[in-house]
Amino acid sequence: MHDPKFVRENPQAFDAALARRGVGPLSAQIIEIDSRRRAILTRLQAAQARRNEAAKMIGAAKGRGDHAEAERLMAEVGNLKAEIQADEIAERQVDMDVEAALSSIPNLPDPTTPEGPDETANVEVRRHGIPRQFNFEPRQHFDLGEGLGQMDFEAAARISGARFVVLKGMLARLERALGNFMLDLHTSAFGYTEVSPPTLVKSDALFGTGQLPKFEEDLFQTTAGLWLIPTAEVSVTNLVREQVLNEADLPYRFTAFTPCYRSEAGSAGRDTRGMIRQHQFSKVELVSITTPEQSDAEHERMVHAAETVLQRLELPYRVMLLCTGDMGFSARKTYDLEVWLPGQNAFREISSCSNCGDFQARRMMARSKASGAKTPRLVHTLNGSGLAVGRTLVAVMENYQQADGSILVPKVLQPYLGGQEVLNVQP
RNA sequence: GGACAGGUGGCGGAGUGGUUGAACGCGCCGGUCUCGAAAACCGGAAUACCCGCAAGGGUAUCGGGGGUUCGAAUCCCCCCCUGUCCGCCA
């Protein structure tokens, strides 16, 4: 969400930044609605001031027993009532107009975010690890998983339909191991606090992080009106909504291992086989709450934390700086981590780390206050996957596969799998 | 789900129609004292928005939303949440 005052004072900068995202100029329209709102508000408040003054005089008159004067004033101020009520209605309407105009505009890109129309304009920042050479044709994860008898898409389809999977045996345990490994790493090496948040949330929470009102079609909503989270970013970032935090306590760093639910409404036909794109997947999320001064450094730190997961798993990856056209709604700067998948012979997104600046904070009313400061200010929020567990499982399987279809267990995961070094066909 | 009881400032807690934006206590900030600190004492301090170059002025906010009234933290209606008991239940 944008600050109407900022738009009013920097219309050309605002439109120029939007243009970098391929959005046409909107400042004139916003300023028009905002000035209409302020005009109504000024008029309403003047009427309320007159009414309050008269009401006080009535009280004083009654207090000294001057009923004639009280009657006279009451008749006089009675006329203000209709005027005030009409302006109150007008004000409510124009407030909604302002919110409608502002709530669907994406965040302004950071100056360091490259400009471009789509993912082809993303910039590769660095690579890590060398893809392994296979002396056989590497298979995709779903072939491997079905071959192991531990990945069942047909059973999932009978239960839940397309885009679900049932993991069994050691693959189910591997998913749990990955989640535990990531949580352990982030909490012990990077100072994140583990949280176990609700995965059903109110509309307000989704508005706060920017999924609503614009992206309703990507979400599952329950008949009770609650929504399934598409990412733990929603629950965890909203931990600080409507709070004034002590600035000395920042940054807050949270990590959570949760299921995520996405309708994948716009992706029919894409990644239809396998676990890459599911309605439900698990993910370890990283969320940081910082001061404006800290957020850029915290962003780099978060990417490093996510990269460390891949490094410890010894999976090759590259870091991409997303361009304006490929970046999410709430982000002003985003790094994606793309892991190498030998079965697909391609890099695939496995993490996305975004600095949202004060964009989400304004929607959530999340603020902080320094000990000497007079007024609170908006915090900065950052979120990143650390990592998408389902896709990490895919990456481990494809990168660690052997010619006979078995999977070697990465060293760091072996303690989580009872010391087991290989995943074989299970009876 | 049922029955009660509640939701007031950072926290605790007064306040049932007219200078109550809100007593009092704690906490917080500044100062005095001190070598320094503690204690004590003095003083300060809500948030958002609007008007204004500014000084300053104004409006709203006592869970949320409506309503009654010249005037609502106080009265009425709806909703949400919390606590206790009962029922149910992982």
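Just so it is clear: chains get the letters A, B, ... in the order the sequence lines come, proteins before strands, and each one is counted from 1. What you see is a predicted model, and the numbers here were worked out from it, not measured in a lab.
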Tabulate atom names and distances for all N/O pairs under 3.5 angstrom spanning the protein and nucleotides 65-75 of chain B.
residue: B:G66; atom: OP1; partner: A:Arg92; partner atom: NE; Å: 3.2
residue: B:U69; atom: OP2; partner: A:Lys81; partner atom: NZ; Å: 3.0
residue: B:C70; atom: N4; partner: A:Lys62; partner atom: NZ; Å: 3.1

[X] has an atom [atom1]; how far is it from atom [atom2] of [N], in whole Å?
{"X": "A:Lys202", "N": "B:G63", "atom1": "NZ", "atom2": "C1'", "value": "11 Å"}
{"X": "A:Glu91", "N": "B:G58", "atom1": "CD", "atom2": "C1'", "value": "14 Å"}
{"X": "A:Asp249", "N": "B:G10", "atom1": "CG", "atom2": "P", "value": "16 Å"}
{"X": "A:Asp95", "N": "B:A60", "atom1": "CG", "atom2": "P", "value": "15 Å"}

Looking at [N], which nucleotide sits across from it as a Watson-Crick or G-U wobble partner, both distances under 3.5 angstrom, or is there none?
{"N": "B:U82", "value": "B:A5"}
{"N": "B:U20", "value": "none"}
{"N": "B:U32", "value": "B:A40"}
{"N": "B:G25", "value": "B:C11"}
{"N": "B:G87", "value": "none"}
{"N": "B:U74", "value": "none"}
{"N": "B:G56", "value": "B:C51"}

Will you find, in the side chains of [X] and [Y], an N or O donor that is under 3.5 Å from an N or O acceptor?
{"X": "A:Trp227", "Y": "A:Ser203", "answer": "yes"}
{"X": "A:Lys283", "Y": "A:Thr258", "answer": "no"}
{"X": "A:Glu115", "Y": "A:Thr324", "answer": "no"}

Expressed as a whole number of Å, how far does the [atom1] atom of [N] sit from that of [M]?
{"N": "B:G71", "M": "B:U61", "atom1": "P", "result": "13 Å"}
{"N": "B:G9", "M": "B:G25", "atom1": "C1'", "result": "14 Å"}
{"N": "B:G17", "M": "B:G13", "atom1": "C1'", "result": "23 Å"}
{"N": "B:U8", "M": "B:U20", "atom1": "C1'", "result": "12 Å"}
{"N": "B:G43", "M": "B:C4", "atom1": "C1'", "result": "46 Å"}
{"N": "B:A23", "M": "B:C62", "atom1": "C1'", "result": "14 Å"}
{"N": "B:U74", "M": "B:G66", "atom1": "P", "result": "14 Å"}
{"N": "B:G21", "M": "B:A46", "atom1": "C1'", "result": "8 Å"}

field: Geometric class of the A:Phe359/A:Phe329 ring pair [parallel <30°, tilted 30-60°, perpendicular >60°]
entry: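 A:Phe329 vs A:Phe359 ring planes: perpendicular.
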- prompt: What class does the angle between the rings of A:Phe254 and A:Tyr252 fall in, given that below 30° is parallel, 30 to 60° is tilted and above 60° is perpendicular?
  reply: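 A:Phe254 vs A:Tyr252 ring planes: perpendicular.
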message: Assess the residue pair A:Thr209 and A:Ser330 against the criterion (side chain to side chain contact (heavy atoms under 4.5 Å, CB included)); give the C-alpha distance rounded to whole Å, side-chain angles, the decisive distance to 0.1 Å, and a yes or no.
response: CA-CA 7 Å; A:Thr209 38; A:Ser330 297; 5.7 Å; no
Donor-acceptor pair, side chain of A:Arg312 and main chain of A:Leu185, under 3.5 angstrom: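 Between the backbone of A:Leu185 and the side chain of A:Arg312 there is no qualifying donor-acceptor contact (under 3.5 Å).
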Any N/O pairs under 3.5 Å between the protein and nucleotides 49-53 of chain B? List them or say none.
residue: B:C49; atom: O2'; partner: A:Arg37; partner atom: NH2; Å: 3.4
residue: B:C50; atom: OP1; partner: A:Arg8; partner atom: NH2; Å: 3.3
residue: B:C50; atom: O2'; partner: A:Thr42; partner atom: OG1; Å: 2.7
residue: B:C51; atom: OP1; partner: A:Arg38; partner atom: NE; Å: 3.1
residue: B:C51; atom: OP1; partner: A:Arg38; partner atom: NH2; Å: 3.3

task: Look at all strands and tell whether A:Arg367 reaches a base, only sugar-phosphate, or nothing, counting heavy atoms closer than 4.0 Å.
output: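 Since only primed, P, OP1 and OP2 atoms lie under 4.0 Å of A:Arg367, the category is sugar-phosphate.
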field: Evaluation steps, side chain to side chain donor-acceptor pair (under 3.5 Å), between A:Ser282 and A:Glu175
entry: CA-CA 9 Å; A:Ser282 50; A:Glu175 180 183 42; 2.8 Å; yes
Shortest non-hydrogen contact between A:Ser295 and A:His380, atoms and distance: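 It is OG-ND1, 2.9 Å.
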query: Counting only heavy atoms not in A:Lys214, do more than 12 sit closer than 6.0 Å to its NZ atom?
result: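 More than 12 heavy atoms, drawn from other residues, nucleotides or ligands, come within 6.0 Å of this atom.
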